[in-house]
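Working notes, beginning with the structure itself.
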Amino acid sequence: MARQIIIDTDPGQDDAVAILLALASPEDLTVLGLTAVAGNVPLPLTQKNTRIVCELAGKPQMRVFAGCDAPLQRKLVTAEHVHGKTGLDGPQMDDPVMPLQPQHAVDFIIDTLRRAPSGTVTLCPLGPLTNIATAFLKAPDIIARVQQVVLMGGAYFEVGNITPSAEFNIFVDPEAAAVVFKSGVPLVVLPLDVTHKALTSTARIAAFRNMGTRVGTMVAEWTDFFERFDVQKYGSQGAPLHDPCVIAYLLRPELFSGRFINVEIETTGEFTLGMTVADWWGVSGRTANALFIGHVDEVGFFDLLTERISRL
């Protein structure tokens, strides 16, 4: 039976690829709705981009909800320097026609978890955790009803990508991340440690372009745009496809491995604000709260991604 998920997102080219991967996999995943949050770009753009991607996938019936436009306690930090001013820079995209749902994303998350049988809905945050934390704070009864939270965020061996010690999604709203990590919800974390092992390459981008479909071309052009920044920054051969790792984990968990460890979020550090303090070596004595993924079979990952994207 297909797993029921809510995708919480701030597109971003890699978010877009993650959404496409989920929408291309209906036998495995039932997307109950997509909730937009401020992150890579401000909320008016993330909710618009989410709808653009649903239409690109040929799924205009999908429900998209706009959520929180700022972190719980901080001023919004965005990432136009990575994703361009629209968040989906690269190919020219038409404005979406499908409507934005009138309900607030947080209320949709709460209502969905209360209505569904307990333990049957997985939350998939691809951006800052503001919407998820707000839902948990507003309706603590839903926490025990969540099947799993499978998120992209954090780093340990790869340290930080927005500051020397913090990964972007966690840094943008560390207080929200702290709420989620302390909540007791079953948690799977796909940090930079694993996403930096899922790099694009000339051949992998060509595989998307050679599909001869509009979706394949868009994915190739998005990854081309996104890749320039990372190649320059890291000196790597390609760009990490961060967010698709979340969806790939749900589809093929055997491609991934990690450790069940304690992860705390730094919310006060002068140099370490937003750091995911991952007790990889088990030295803190603190109770484990997250499956922290450290490795991916990158060939299997790109085979899965290419096969599914070619369906759209």
Side-chain angles (χ1 to χ4, degrees), residues 1-36 46 49-64 87-88 90-91 93-94 96-98 121-127 148 150-152 188 190 194-195 198-201 203-226 239-256 296-312:
M1 189 175 135
R3 185 166 181 170
Q4 298 191 93
I5 67 170
I6 295 172
I7 298 175
D8 187 68
T9 182
D10 62 335
Q13 292 88 351
D14 58 320
D15 301 73
V17 178
I19 294 166
L20 293 172
L21 179 57
L23 296 180
S25 306
E27 71 275 37
D28 297 303
L29 302 173
T30 299
V31 181
L32 301 175
L34 297 102
T35 53
T46 61
N49 291 347
T50 304
R51 291 182 291 142
I52 285 172
V53 177
C54 290
E55 288 188 352
L56 176 64
K59 311 279 185 186
Q61 73 280 12
M62 278 289 151
R63 294 187 297 162
V64 175
L88 286 181
M93 305 295 294
D94 293 330
V97 178
M98 64 184 279
V121 175
T122 293
L123 303 178
C124 302
L126 309 179
Q148 240 179 356
V150 182
L151 67 90
M152 189 276 130
V188 179
L190 291 118
V194 69
T195 68
L199 298 178
T200 58
S201 66
R204 287 166 178 168
I205 294 175
F208 295 125
R209 191 171 276 113
N210 294 341
M211 289 172 188
T213 62
R214 182 159 181 260
V215 174
T217 302
M218 287 296 183
V219 170
E221 290 191 24
W222 280 334
T223 46
D224 275 342
F225 180 89
F226 189 66
L241 283 180
H242 306 287
D243 295 329
C245 288
V246 167
I247 306 302
Y249 176 84
L250 296 175
L251 297 174
R252 296 276 306 280
E254 67 277 8
L255 293 174
F256 297 84
V296 60
D297 170 357
E298 62 172 322
V299 174
F301 170 81
F302 276 97
D303 286 349
L304 173 68
L305 192 58
T306 308
E307 186 268 315
R308 296 293 166 99
I309 295 293
S310 71
R311 299 172 170 190
L312 296 172

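We count residues from 1, following the sequence as given.
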Using a 4.5 Å cut-off on heavy atoms from C-beta on, say whether the side chain of L305 contacts that of V219.
no

Look at the side chain of E55 and the backbone N and O of M98, then say whether any donor-acceptor pair between them is shorter than 3.5 Å.
yes

Check whether any side-chain heavy atom of C54 sits under 4.5 Å from a side-chain heavy atom of L23, and report yes or no.
yes

When rounded to the nearest 0.5 Å, the distance separating CD1 of I7 from CG of D243 is 10.0 Å

Is it true that a side-chain atom of R252 and a backbone atom of F301 form a donor plus acceptor pair closer than 3.5 Å?
no

Could you pull out all residues at least two apart from R308 that satisfy salt bridge (Lys or Arg N to Asp or Glu O under 4.0 Å)?
E27, D28

Whether D15 side chain and T9 backbone form a donor-acceptor pair below 3.5 Å
no

Considering all heavy atoms, the nearest C245-L190 contact
O-CD2, 3.8 Å

Closest non-hydrogen atom pair between G12 and L88, with its separation:
O-CD2, 3.5 Å

Mind checking side chain to side chain donor-acceptor pair (under 3.5 Å) for E307 and listing every partner two or more places apart, or none if nothing turns up?
R311

Using the test side-chain contact (heavy atoms from CB on, under 4.5 Å), find all partners of R3 that sit at least two apart in sequence or belong to another chain.
I5, L29, T122, Q147, Q148, L250

Report yes if some heavy atom in the side chain of W222 is under 4.5 Å from a heavy atom in the side chain of L20; otherwise report no.
yes

Using only atom types and a distance under 3.5 Å, with no angle test, would you say the side chain of T223 pairs donor to acceptor with the backbone of A220?
yes

Minimum side-chain heavy-atom gap I6-T35 below 4.5 Å
yes

